[in-house]
Amino acid sequence: MTELDLAALREEYARSGLTESDLAPDPIAMFRRWFDEAVAAGLHEPNAMVVATADPGARPAARFVLLKGLSDNGFVFFTNTRSRKGEELTANPACALLFPWHPLERQVRVDGTAAPLSADDVAAYFASRPRGSQLGAWASHQSREVAGREELTAAYDEAAATYPEPTPVPVPEEWGGYVVRPDAVEFWQGRPGRMHDRLVYRRTDAGWTTVRLAP
Ligand SMILES: Cc1cc2nc3c(=O)[nH]c(=O)nc-3n(C[C@H](O)[C@H](O)[C@H](O)COP(=O)(O)O)c2cc1C
């Protein structure tokens, strides 16, 4: 077996620092600033984020989704509400998000609570998706076992036959989205000697407070 010498794979983080005086008044404004910098830096899919959920036995699961909206209410993504993540969020809306912007030596971590989006918000976003993605949403009962690729292809073809162009493709009943209302948002900036900056916004009754954590 080939040995992977992972111990030698290490980077010194020295791009920049994050000080208390850099912080915007609230984490959403701060996130916007870092998101814009991630876009300006040309990061591949800077809106890709990891969503971590937990099942009723507190066993965690994580997967990527795409951030599709940001508002004062929080972070928006779309998915199948009967998928594994959807079922887990229904039973336990506590979740965590992670933006892995390591080319910038940054990560943003969000602890929050997911709430389903309104049917209007879901319909408006679904209508903006490419037709192929809309048909795919009909064909895929996300996270369920399938006999093989052919079963999925047949379901896709059936959806395409049911909704021939220019018939609009309606929103599948199981398709939806969530807004994650943040309780805490951490902005992490890598620094030399593993002396990283970690500044965390925490929601309180009086508004947002910020603290620094040891790296
Ligand atoms: C970069 C990237 C973006 C993705 N975006 C989404 C998304 O926005 N919505 C979604 O349902 N799945 C998305 N997926 C697929 C999910 O990672 C996952 O496979 C799927 O949602 C099923 O997850 P679950 O079984 O844990 O519910 C994305 C995958 C990648 C790699």
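Whatever order the structure lists them in is the order used to number ligands and atoms, beginning at 1.
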Query raised in the report: Would you say R181 has more than 12 foreign heavy atoms packed within less than 6.0 Å of its CZ?
Result: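 Not buried by this count: 12 neighbours or fewer within 6.0 Å.
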
Query raised in the report: Can you name the side chain to side chain contact (heavy atoms under 4.5 Å, CB included) partners of T19, sequence neighbours left out?
Result: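 T19 satisfies side chain to side chain contact (heavy atoms under 4.5 Å, CB included) with S21, D22 only.
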
**Report entry** Atom-level proximity to ligand 1, residues with heavy atom under 4.0 Å
**Finding:**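 Lining ligand 1: E45, R63, F64, V65, L66, F78, T79, S83, R84, K85, Q142, S143.
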
**Report entry** Heavy-atom closest pair, residues I28 and G74
**Finding:**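 Heavy-atom minimum between the residues: CD1-CA, 4.4 Å.
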
Query raised in the report: Of all residues at least two apart in sequence or in a different chain, which pass the salt bridge (Lys or Arg N to Asp or Glu O under 4.0 Å) check with R32?
Result: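 For R32, no residue satisfies salt bridge (Lys or Arg N to Asp or Glu O under 4.0 Å) once neighbours in sequence are set aside.
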
Query - Listed partners of Y163 passing ring-ring contact (aromatic ring centres under 6.0 Å, His included), at least two apart - result: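 In terms of ring-ring contact (aromatic ring centres under 6.0 Å, His included), with neighbours along the sequence ignored, Y163 is linked to W138.
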
Query raised in the report: Where does the angle between the aromatic ring planes of W175 and F126 fall among parallel (under 30°), tilted (30 to 60°) and perpendicular (over 60°)?
Result: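 Because their plane-to-plane angle is over 60°, the rings of W175 and F126 count as perpendicular.
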
